[in-house]
Structure formats: C-alpha cells, structure tokens
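If you're wondering where the values come from, they're calculated on a predicted model, not measured in any experiment. Both ligands and their constituent atoms are indexed starting at 1 by order of listing.
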Amino acid sequence: MEKDLRIKSQVFDDPKRAPNRAMLRAVGLTDESFKKPMIGVASTWSEVTPCNIHLHGLAERAKEGVRHAGGTPLIFNTITVSDGISMGTEGMRYSLPSRDVIADSIETVVGAESLDGFVAIGGCDKNIPGCMIAIGRAEVPAVFVYGGTIAPGYRNGEKLDIVSVFEGVGKHNNGDITDEELHGIECAACPGAGSCGGMYTANTMASAVEALGMSLPGSSSNPAESKDKYLDVEEAGKAVYHLLEKEIFPKDIMTKQAFENAITVVMALGGSTNAVLHLLAMAHAVDVDLSIADFDRLQKTVPHLADLKPSGKYVMEDLYKVGGVQAVMKLLHENGYLYGDCLTVTGKTVAENLALAPSLTEGQTIIRPFSSPYRATGPLVILRGNLAPSGAVAKVSGVKVKRHVGPARVFENEHDATEAVLNNQINEGDVLVIRGVGPKGGPGMPEMLSISAILVGKGLGEKVALLTDGRFSGGTHGLVVGHIAPEAQSAGPIAILQEGDQVTIDSERQEISMEVTEAEIQARFTAWQAPALYLKGVLGKYAHNVSCSSIGAVTDHFKS
Ligand SMILES: CC[C@H](C)C(=O)C(=O)O
Ligand SMILES: [Mg+2]
C-alpha cells in the first residue's frame, strides 16, 4: 500500500539515491520515514503582519496531522507581504506580484523536492490565491488551510477593524474626529493574530476556496485564535494523505462548476473585487476556461445576502458564531444555487459535506433570507464601454447611486489624487481617475484603499466616483470602479481621457463610458506614447510578463 502511494518522492529504494537520503537524514528523516510519502507543509508564516504571525504554530500542528495519518511531513516557508501595511505607499506595487512570487516559490519547492502532496497555509489576501495557484499547478494532492480571521477591536463599545482606521483618516482630515480619537482607533483596531476581519479580500478568498472544495468544511470562517483553527490544520494534514490514497488531485476538484460555486459564494457574501482577479488566475492554473463573462452571468442570478463589512455591519467572527460559511453554503444549496456533486478535499461531494453542516442560527441577522436579500443580484458588476472595452469591475454593495455622470479629474498616481482630495480640490460629482497603475503600468496594480477610505471618511463615498486601471482593497466601498481594461500602459482608452471629459458609470446598464468620439479617441492616440516599462528587479520582470487584469493578471500566459 505505502509503496503504491510513492508517486514522486523517489528517494527510497534505489542505491543511487543514497546521497539524496543522506541529506534528508540530516534533517531528521530515518529509514522508517523514507517508507512513507513525503508531505510538504507550505507556510506563509512571517512576523511582518498579524495575518500570518501565528502560522508557524499551525504548520507544526499540520505536521502532526500528516504524521498521524502515516506520512512524513516537512515544513517549508514562503514570503508574504501585507496590504494593510503597504497601502498608500510605493510598496503597494509589490502586493499583486507577491501572489505570483508565492505561487512560483511553492511550485519550486514541491517540484524540486519531489513532494508527494502538501498542505498550504495562507493567512492574507494574496498568499491565499498564491497558495491556490501553486496547488492548481501541482500534480500532487493538496489541501489549503486559511490562517483565519482576526477578532474585531472595540473602543467605547464600537466594533472596529483596520478599515475603521483607514476611514478615520478621512474623518480626521474633515475635522470630525480629534488626534486622540484617531490614535484611539489606531490602537484598538487590530487586537491580535488573524486576517483583516470584514469580508475583505482574505476572508473573501478563504470563503471562495472552501466553496471551491479545496479547504476543509468550516475552515474559512474558523477564527485565527480558536481551537477550531488548530483542528483545521491537523485535519488538513490527514486529508492530504487520504487524497493520496484515493488519488484525488487538485484538478479533480477545481473544475468549472467548482469555480462557479466559489463565485456564487463570493457574490452572496458581498466579497472583494479581487476575487475576480484571483479566481481567474486560479482557474488558469488548472486550465479551466473561466472568464469575466462567467462572473457577469452569475452576478445576475445570485443575490447578495450578507450584512458584512465593508458596506455592512458585521465581521467574519460574527458569521462564524452563527454557523459560518458552511451554513451560508447550505442555505445557497437548499435554494438551488450550488452544484452539490462537486468533489472536495474531504473526498466527499459538496452536498455530502453540507448534509453534516449546521444551518444558520435561528434569529441571526447577518445573512438575510432569500425573500429579502441585501440586493437582488450580486454586488460585483462587470462594466463595459468605450472607457473599458475589455471590461472593468465595480463593487456596488451598499451603493445607492446607480448612475453617475461627471467630469473626469485625471491623476497619474494615487499620491497626487490623495493630496487633491485632502486639500478639498475634488468636488461632489467629480469622477476621480487614477491611471497608469495597472498590472504593467503600476507596475503591480496597487490597491487604492487609502484614497477610497478617505473619500468615505469625508462623506464623499457616493458623491465622487473613483475609477482606476489599478484595483481596490477588499476594504473599499463607495462609488468605485477598478480593473479598467485594457490598462493605460497597454493603450487602453483610459490613457487618453482628459481633465473635464464627461464620464458615465451606470451599474444597471453595466456601462462605463466617456463622452469622446471615436475619431477624437484616434486623434488623441496619435499624439500618445506609452510610458517606458519598469525595468528593474521583480517589478521589472513582472511588468514585462504580466497579462491583462481581465484575464487575471497571470504571469505565465504563454501561447504554444
Ligand atoms: C483592509 C483591507 C486589506 C488590508 C486588504 O488589502 C484587502 O482586503 O484587500
Ligand atoms: Mg488587498
């Protein structure tokens, strides 16, 4: 039996592998360990962010699970960066590239060490898709475990999280709160380990991965500092071994229907715009033909049910207490919104897992019933028009304004746009445009939470529209449109938009357009030159390799 399981780690029987074994003996392996499959535990542990600060302890527990099931576990690390810490700085350009660095680094270790399977543990918004892209590319069984959400902070009875601080900056600039109040919010917002608490990108992607079937039931809503989280990793260690026995590979689970389940859960929960980018990239890793047309189709049918931050009241820990993501999936499944026969890492189908899942707690107010949803359709809306021929993504959860027409106020970077907002040079009705910050142009397609939160904090969230070929954080809400494609760097029409041009954003008609004739667009382009691509280091490599955001900004989009 054990022999049959050894599909890759060929360091065992052959005399010519003695040197390979000699190296492994020095890290603690023995003749006994060589008989067992080698299971990696990919950890994104790091001290640079609370999202990942506790992951080494989780990795150690995952090892126990692997060992218990009969495998030989080996922990290895990869990097992570924090959007919350780099937000609003030049450092934010490294965020999306870090997704691909993480994917590449895990793929590298799994491939080089010929691992038979692995658990990947991620706790922040890019390292989740980073782990998942590596899992998708791998030809071995794997399970993802989410590090879990942070608990909310409290100050004077008010529930806080990191976005409260970002929005506090706008309130402070308006003179609505004092220096002391802002400092008080800053000190109380993040009380411990775990990923940003609302339905931001980390919690969104964790929920999407659970719906996809690649993490264990319940694990996306189990908080970072809970006993349940430790059980998640231990069970994940065992699950990889069982997947190896059953010969169930990521490609068997990550099917088109499974991705549709993930999109459905993201829409119902009111998740981050980044889900569009990351799910496209994850699908690319398993050669599943997913496109923004699929998001568009599902958006029209799936209601937004969750009253979660950033537009709603509650955080992930609240959802955990009333049944978690499994209970939401159960509700969606009972109403015919999920494919129940998709396989998952439990070795069972979605429907079989959900039969064991709890229902939402009686009387809870976080997830609305189908009879009175938050919105009748999904909150991630794909827009098109002469400003975004390849598409753009709007997040309309909580936004009352359906149509906004106003003059473009054009900026080439977030810093200058932010200064203009803070100096009250942006007026109600304006369309604030930050361009040249797409995947190639940024480079790295930075998130714009600093400026979007300042607009909200100043009470301009629905009075000023914010458009960009960059992207938004999961913490962003308001009248925002990101992922405008093609990006300015690749001669997308956003490149020739001029100060004062009338721009229309209409979420019902799914339109994003500028009042500039085709002839004028052509004339402006004859006088336009693409800025030079960034040349140095990882951002230079990224700028040259990355594809359009409308296909997930993947870096291995090669045609044979
Ligand atoms: C607060 C938001 C978080 C830091 C983030 O980057 C995201 O959710 O995308
Ligand atoms: Mg982010």
Side-chain angles (χ1 to χ4, degrees), residues 44 46 48-53 80-89 91-100 102 122-130 146-153 159-170 185-186 189-191 193-209 220 224 266 269-279 281 308-312 315-317 379-380 393 395 397 414 437 439 442 444-454 456-457 468 470-478 480 482-483 549 553:
T44 54
S46 168
V48 302
T49 164
C51 316
N52 293 45
I53 189 86
T80 201
V81 299
S82 164
D83 288 4
I85 296 168
S86 50
M87 197 71 69
T89 75
M92 190 63 214
R93 296 178 303 169
Y94 287 91
S95 164
L96 190 57
S98 80
R99 177 189 81 183
D100 294 58
I102 292 163
C124 194
D125 56 354
K126 298 80 42 199
N127 64 38
I128 301 173
Y146 179 41
T149 185
I150 196 171
K159 192 175 275 189
L160 301 173
D161 67 11
I162 182 66
V163 175
S164 319
V165 197
F166 279 105
E167 293 179 1
V169 175
I185 295 169
E186 172 188 327
C190 301
S195 305
C196 301
M199 192 41 68
Y200 311 141
T201 310
N203 281 326
T204 299
M205 291 314 299
S207 307
V209 173
S220 64
V266 169
L269 291 175
S272 163
T273 45
N274 281 314
V276 179
L277 207 57
H278 296 326
L279 288 171
L308 289 165
K309 284 172 181 282
S311 57
V315 296
M316 188 60 137
E317 193 194 71
L380 297 180
V393 183
K395 179 161 148 186
S397 40
E414 186 187 6
V437 291
M445 205 184 180
E447 290 178 354
M448 308 281 164
L449 174 61
S450 289
I451 189 163
S452 72
I454 290 171
V456 171
T468 182
R471 57 191 179 116
F472 290 107
S473 153
T476 291
H477 63 119
V480 297
H483 306 203
S549 58

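- Neither side chain, Asp83 nor Tyr200, offers a donor N or O lying under 3.5 Å from an acceptor on the other.
- One side chain, Tyr146 or Asn203, offers a donor N or O that lies under 3.5 Å from an acceptor on the other.
- A donor-acceptor contact closer than 3.5 angstrom links the side chains of Ser272 and Thr201.
- For the pair OD2 of Asp83 and OE2 of Glu447, the angle whose vertex sits at the Mg ion (ligand 2) is 90° to 10 degrees.
- Of all N/O/S atoms in Asp125, OD2 sits nearest the Mg ion (ligand 2).
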Identify the protein atoms, limited to N or O, that lie within less than 3.5 Å of an N or O atom of ligand 1, and list each pair with its distance to 0.1 Å.
{"from": "ligand 1", "atom 1": "6 (O)", "to": "Asp83", "atom 2": "OD2", "distance (Å)": "3.2"}
{"from": "ligand 1", "atom 1": "6 (O)", "to": "Asp125", "atom 2": "OD2", "distance (Å)": "3.2"}
{"from": "ligand 1", "atom 1": "6 (O)", "to": "Glu447", "atom 2": "OE1", "distance (Å)": "3.0"}
{"from": "ligand 1", "atom 1": "8 (O)", "to": "Thr201", "atom 2": "N", "distance (Å)": "2.8"}
{"from": "ligand 1", "atom 1": "8 (O)", "to": "Thr201", "atom 2": "OG1", "distance (Å)": "3.1"}
{"from": "ligand 1", "atom 1": "8 (O)", "to": "Gly474", "atom 2": "N", "distance (Å)": "3.2"}
{"from": "ligand 1", "atom 1": "9 (O)", "to": "Asp125", "atom 2": "OD2", "distance (Å)": "2.7"}
{"from": "ligand 1", "atom 1": "9 (O)", "to": "Thr201", "atom 2": "OG1", "distance (Å)": "2.5"}
{"from": "ligand 1", "atom 1": "9 (O)", "to": "Glu447", "atom 2": "OE1", "distance (Å)": "3.4"}
{"from": "ligand 1", "atom 1": "9 (O)", "to": "Glu447", "atom 2": "OE2", "distance (Å)": "3.3"}
{"from": "ligand 1", "atom 1": "9 (O)", "to": "Ser473", "atom 2": "OG", "distance (Å)": "3.4"}
{"from": "ligand 1", "atom 1": "9 (O)", "to": "Gly474", "atom 2": "N", "distance (Å)": "2.8"}

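- Listed for the Glu317 side chain is no donor-acceptor partner under 3.5 Å among the backbone atoms of Pro152.
- For Thr44 and Asn52, the side-chain atoms include at least one donor-acceptor pair closer than 3.5 Å.
- Partner of Cys124 under the side chain to side chain contact (heavy atoms under 4.5 Å, CB included) criterion, chosen from Cys51, Ser98, Ser46: Cys51.
- Checking each of Arg471, Lys395, Lys126, His483 against Asn274 for a side-chain hydrogen bond (donor to acceptor under 3.5 Å, both in side chains) leaves exactly one that passes, namely Arg471.
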